[in-house]
Structure formats: C-alpha cells, structure tokens
Amino acid sequence: MLSAGSHMAEENKIKTRLLRRMGNAIADFGMIADGDRVMVCVSGGKDSYTLLDLLVDLQKRAPVRFELLAVNLDQKQPGFPAECCPHT
C-alpha cells in the first residue's frame, strides 16, 4: 500500500510525463499559437477532465499565450441531470 506522500509523488510523475508529451505534440504539430482560443469539450469523464487540467497547467507555463474555454458536451445520456447545463 502506498503512503499519501508516495501516492502524490507518483501522481506528479504521471502528470509531468503527460505534460511533457502533450507539450511535444503541440510543438511538433503547431497545434497552439500565440493568441489562440482553445475550446475543450468536457463530457464529465476522466479523459476530458484530465485534458482540461493539463491544458490549464500548460497555459501557466507555455511560451505562448492562449485562452481556454471549457464547454460541457451533452451526450444525452439517460439520467444525466439536465438542470446542471440548461439549454438556451
């Protein structure tokens, strides 16, 4: 069983690895340029939340300035609480 400290250290290693790989991909493929606005669709799952968290972290460190816009993606899942994301 991992202690709280070693668990956090492992999470930091994983996050650092993901940030490095994401940064390399963004640079290699020119995905984000200075002044860009990046929309992240958040479905409620761990993948989209992780992507948003990584981009927020990257935004603080990146050599370019970019804006983030998180948008809930309503997948029309049965039982999803519609009141949390009202439609206009």
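Because the structure is predicted, anything quoted here is derived from the model rather than measured.
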To check you understand the geometry: which heavy-atom pair defines the closest contact between [X] and [Y], and what is its length?
{"X": "Val38", "Y": "Phe66", "result": "CG2-CD1, 4.1 Å"}
{"X": "Cys41", "Y": "Ser48", "result": "O-CB, 3.5 Å"}
{"X": "Ala70", "Y": "Val42", "result": "CB-CG2, 4.2 Å"}

What is the distance from atom [atom1] of [X] to atom [atom2] of [Y], rounded to the nearest 0.5 Å?
{"X": "Asp57", "Y": "Leu52", "atom1": "CG", "atom2": "CG", "result": "11.0 Å"}
{"X": "Ile32", "Y": "Leu58", "atom1": "CD1", "atom2": "CG", "result": "6.0 Å"}
{"X": "Asn12", "Y": "His7", "atom1": "CG", "atom2": "NE2", "result": "10.0 Å"}
{"X": "Leu68", "Y": "Arg37", "atom1": "CG", "atom2": "CZ", "result": "10.5 Å"}

- prompt: Mind checking what makes side chain to side chain contact (heavy atoms under 4.5 Å, CB included) contact with Met8, not counting sequence neighbours?
  reply: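 Listed in chain order: nothing, the list is empty.
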- prompt: Is Val40 reachable from Phe29 through a run of hydrophobic residues whose side-chain heavy atoms are each under 4.5 Å from the next?
  reply: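 Same cluster: Phe29 reaches Val40 through Ile, Leu, Val, Met, Phe, Trp or Tyr contacts under 4.5 Å.
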- prompt: Considering only heavy atoms from C-beta outward, does the side chain of Leu55 approach that of Met22 to under 4.5 Å?
  reply: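 Leu55 vs Met22: side chains touch.
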task: Let me see the working for Lys15 and Leu19 under side chain to side chain contact (heavy atoms under 4.5 Å, CB included), right down to the final yes or no.
output: CA-CA 6 Å; Lys15 186 170 185 175; Leu19 280 167; 4.0 Å; yes
